[in-house]
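Just so it is clear: chains get the letters A, B, ... in the order the sequence lines come, proteins before strands, and each one is counted from 1. Owing to the predicted nature of the structure, the values given are computational and were not obtained by experimental measurement.
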There are 2 protein chains.
Amino acid sequence: MDKKKNASRTRLAIMESAGKIFAEEGFSKATVRDICREAGANIAAVNYHFGDKKGLYLSVLKHYQEMVFQTYPPDFGITAAQKPEEKLRAYIRSFLTRMMDDVHPPWFARLLAREFTEPTWAFDILVEGSIRPSFQLLADIVAAILGKKPDDRRVRLCSMSIVGQCLYFRHSNPVIIRLFPREFSDAGQIEELTEHITFFSLNGMAKAKTKNKRR
Amino acid sequence: MDKKKNASRTRLAIMESAGKIFAEEGFSKATVRDICREAGANIAAVNYHFGDKKGLYLSVLKHYQEMVFQTYPPDFGITAAQKPEEKLRAYIRSFLTRMMDDVHPPWFARLLAREFTEPTWAFDILVEGSIRPSFQLLADIVAAILGKKPDDRRVRLCSMSIVGQCLYFRHSNPVIIRLFPREFSDAGQIEELTEHITFFSLNGMAKAKTKNKRR
DNA sequence: AAATATTTCAAACAACTGTTTGAAACACTT
DNA sequence: AAGTGTTTCAAACAGTTGTTTGAAATATTT
């Protein structure tokens, strides 16, 4: 019944092409015919190996999420010996790298971004498997910087501000390349972005330890 | 030939339901049958009044963009007499309001968010009509705060950091409600978000006037 | 009121979708 | 080599999609 352990050649080929096409087109626009053609497999192969289209999507999601999680764990490049400020810089660099660089597989970040704004029924898997652990780690770092607990509201707001900055360059890429056709085209500027976001955010949190009373 | 000026009853009804359904489902998943049913019109009405599905989408986009632009211009709530810091606060509040509150039409922000991450062929219209003017205004405010020119690279980076924070709460709403089921559910906290992002960003730019030399 | 133009409608069309089918090809064990 | 289970394949199926059609209904002009 359960074919999870079966790793036939066509099964793997389908998962590869499926991941790529799902990321490019989205779940509904991607067709099993395109996927099978690119995999060099018959049209019926998807239903035979994965039950149906949803089963294929789910298998792809779980498999490559695990793969990415192993090669790029949330605490990638972060050591216990670092000061919180350095941890934050490492976190941001890792975050940006995972999103924009040629991480394996190169299309996983795009598929994740797609689920971010337009979640399918499989979104919870990504939240629990990838997003929550990553966000939790950031919350811990921010909490250490602010001298508060990880579940403090201000910690969460600041964490969101940091994540929001990082995501902007991936999610809003279509906007950026139109607003500034040349300036932010290449992805080879992760270091500059890392420095900017780290600097911006550390300053942003600097005086936030005290209550923000205004008016 | 050109039916732009024709404002028959069914034509308007179709544009209304189309905008709503396009925003909910996206261009490709939205069906003309659903649109026409909700508009109380025949299936052939779309092709008769707008040529084809693309023509309908284009008409909806242009029409409601103009409407939103008139009721909520980019400089909404901003006066020349304000200090740059107050302008930034007004800009952020206006931005958040436009995205999360019940602006008319209430689905326009969602349609815009959809084009943001998954642009269709009509995206350039939104960039030039809505996004670029809005971003330009922000760049002017940030430039005034930093004491640089609007096309300075740091000004652009900081502007992106600000926009990124604002967009996070709209684009990543599916994530937020899963990570913190109760805490950030309601949209009735625009004031708190405005204060947080303004405070965070003003601090983030505070010392950025001087060159960011590190290491 | 007649004539003309515009709009609506039910029905059908052609293309595409995910899925199923049953036989053929293959792999492996006995 | 025969037998068994697994995998591939071309073909077809049932459903949905955007679009077209030609006649009927309505509105406008003469």
message = Less than 4.0 angstrom between a side-chain N/O of H49(B) and OP1 or OP2 of dT8(C), yes or no?
response = yes
message = So that I can tick it off, tell me whether E118(A) and K29(B) are bridged by a salt bridge, with the cut-off set at under 4.0 angstrom between side-chain N and carboxylate O.
response = no
ask   = In whole angstrom, what separates R9(A)'s CZ from dT6(D)'s P?
value = 19 Å
inquiry  = If I take atom CG in residue L56(B) and atom C1' in nucleotide dT19(D), what distance separates them, rounded to the nearest angstrom?
reply    = 14 Å
Between P of dT8(C) and CZ of F50(B), the distance in whole Å = 11 Å
inquiry  = Tell me whether the side-chain N/O atoms of S8(B) come closer than 4.0 Å to OP1 or OP2 in dT6(C).
reply    = no
task = Kindly write out the residues that satisfy ring pair (Phe, Tyr, Trp, His ring centres under 6.0 Å) with Y64(B), not counting sequence neighbours, or none if the list is empty.
result = W107(B)
request  = Go along nucleotides 12-25 of chain C 5' to 3' and tag each nucleotide: B for a protein heavy atom under 4.0 Å from its base, S when only backbone or sugar atoms are that close, - otherwise.
outcome  = B----BBBBB----
More than 12 heavy atoms from other groups under 6.0 Å of CZ on R114(B) = yes
Gap between atoms OH and P, on Y48(B) and dT7(C) respectively (whole Å) = 4 Å
key: Neighbour count >12 (heavy atoms, 6.0 Å) for atom NZ, K20(B)   = no
query = In terms of heavy-atom contacts, does CZ of R98(B) have more than 12 from other residues, nucleotides or ligands at under 6.0 Å?
reply = yes
ask   = Quick one: do R37(B) and D34(B) make a salt bridge, cutoff under 4.0 Å?
value = yes
ask   = Rounded to the nearest Å, what distance is computed from the CD atom of residue E25(B) to the P atom of nucleotide dT17(D)?
value = 11 Å
key: dT8(D) OP1/OP2 closer than 4.0 Å to side-chain N/O of T10(A)   = yes
